[in-house]
Amino acid sequence: QLQLAESGGGLVQPGGSLRLSCAAAGVSLKKPPIGWFRQAPGKEREAIACISGVDDETYVVDALKGRFTIARDNTKGTVYLQMDGMKTEDTGVYSCATGPWGPWPYLGRYDQWGQGTQVTVSS
């Protein structure tokens, strides 16, 4: 079973950039599909992006296209979430997950989650 660990969160000013990492550790016979989610204070968790475990196909939700990018470094077993042009409403806890349910794009239920990393966008 894989363990996921997010890193890279922190404080960033509006308009700035941040790159989050999701490192997968453990035994797996296949490259894991990964999804990124976030939860803002007082709001429900929402899907951000996902990357396929088959061919690294990516998907970013429409509201974040153009600002957020998901990518995988296969040599490091790490999936990144690049966030540019950040806004105060991007503040929240960002989590990665694997073991998706349902068809592509994987924006729903997942089996395994990381602990999350806090992102705060503020001047």
Side-chain angles (χ1 to χ4, degrees):
Q1 189 174 6
L2 291 177
Q3 290 80 46
L4 302 179
E6 303 92 339
S7 61
L11 175 65
V12 61
Q13 292 186 342
S17 297
L18 208 59
R19 188 179 76 163
L20 304 182
S21 300
C22 175
V27 178
S28 175
L29 297 178
K30 300 185 294 184
K31 186 167 55 176
I34 297 290
W36 277 102
F37 293 75
R38 70 183 180 185
Q39 187 166 19
K43 295 187 177 181
E44 293 187 356
R45 185 168 60 198
E46 62 175 342
I48 299 171
C50 53
I51 186 165
S52 167
V54 175
D55 55 5
D56 284 339
E57 180 180 358
T58 61
Y59 182 90
V60 177
V61 298
D62 287 344
L64 298 175
K65 284 179 180 176
R67 294 200 300 122
F68 286 23
T69 305
I70 185 172
R72 189 196 306 268
D73 183 336
N74 289 301
T75 65
K76 298 182 178 179
T78 300
V79 171
Y80 300 99
L81 182 70
Q82 177 69 39
M83 304 182 291
D84 300 316
M86 296 193 72
K87 305 176 181 181
T88 56
E89 52 263 41
D90 294 324
T91 295
V93 176
Y94 284 68
S95 302
C96 63
T98 193
W101 289 53
W104 177 262
Y106 308 135
L107 302 176
R109 177 179 172 179
Y110 279 73
D111 283 335
Q112 297 170 243
W113 293 81
Q115 81 286 356
T117 186
Q118 176 69 43
V119 171
T120 302
V121 184
S122 175
S123 55

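All values below come from the heavy atoms of this structure, side chains included, with hydrogens, waters and symmetry mates left out.
- For the pair P33 and T98, the tightest heavy-atom approach, listed with the atom from each and the gap, is O-OG1, 2.7 Å.
- Residues Y80 and Y110 do not share a hydrophobic cluster, defined by chaining ILVMFWY side chains whose heavy atoms lie under 4.5 Å apart.
- Proximity of R72 to C22: side-chain heavy atoms (C-beta onward) are nowhere separated by under 4.5 Å.
- Cluster membership for V61 and L20, using ILVMFWY side-chain heavy atoms within less than 4.5 angstrom, is shared.
- S52 places no side-chain N or O within 3.5 Å of a backbone atom of E57 that could act as its donor or acceptor partner.
- Of all non-hydrogen atoms in G92 and P41, the two that sit nearest each other are CA-CD, 4.5 Å.
- Atoms OH and OG, on Y94 and S7 in that order, are 15.0 Å from each other to the nearest 0.5 Å.
- Using a 4.5 Å cut-off between side-chain heavy atoms of Ile, Leu, Val, Met, Phe, Trp and Tyr, with links allowed through other members, L64 and L81 fall into the same hydrophobic cluster.
- For the atom pair CG (L18) and CE (M83), the distance works out to 4.5 Å, reported to the nearest 0.5 Å.
- Placement of V79 and L107 within a single hydrophobic cluster is found when ILVMFWY residues are connected by side-chain heavy-atom separations under 4.5 Å, directly or transitively.
- Interatomic distance, Y59 OH to K65 NZ, rounded to the nearest 0.5 Å: 5.0 Å.
- Without hydrogens or angle criteria, S122 side chain to T120 main chain gives no donor-acceptor distance under 3.5 Å.
- The heavy-atom pair separating T88 from P14 by the smallest distance is CG2-CG, 4.2 Å.
- A continuous path of Ile, Leu, Val, Met, Phe, Trp and Tyr side chains, each step under 4.5 Å between heavy atoms, connects V12 with I48, placing both in one hydrophobic cluster.
- Nearest approach of D84 to S17, heavy atoms of both residues: OD1-OG, 2.7 Å.
- Here the closest non-hydrogen pair linking A71 and I51 is C-CD1, 4.0 Å.
- Expressed to the nearest 0.5 Å, how far CH2 of W36 lies from SG of C50 amounts to 13.0 Å.
- Side chain of E6 to backbone of C96: a donor-acceptor contact under 3.5 angstrom is found.
- Atom CD of E44 and atom CZ of R38 lie 14.0 Å apart (nearest 0.5 Å).
- Atom OG1 of residue T58 and atom CD1 of residue I34 lie 14.0 Å apart, to the nearest 0.5 angstrom.
- Judged by distance alone, the side chain of T91 and the main-chain N or O of V121 form a donor-acceptor pair under 3.5 Å.
- With respect to the salt-bridge test (charged N to carboxylate O, under 4.0 angstrom), the residues K87 and D90 do not qualify.
- Looking at R67, its side chain does come within 3.5 Å of a backbone N or O of G85 through a donor-acceptor pair.
- Aromatic ring centroids of F37 and W113 lie under 6.0 Å apart.
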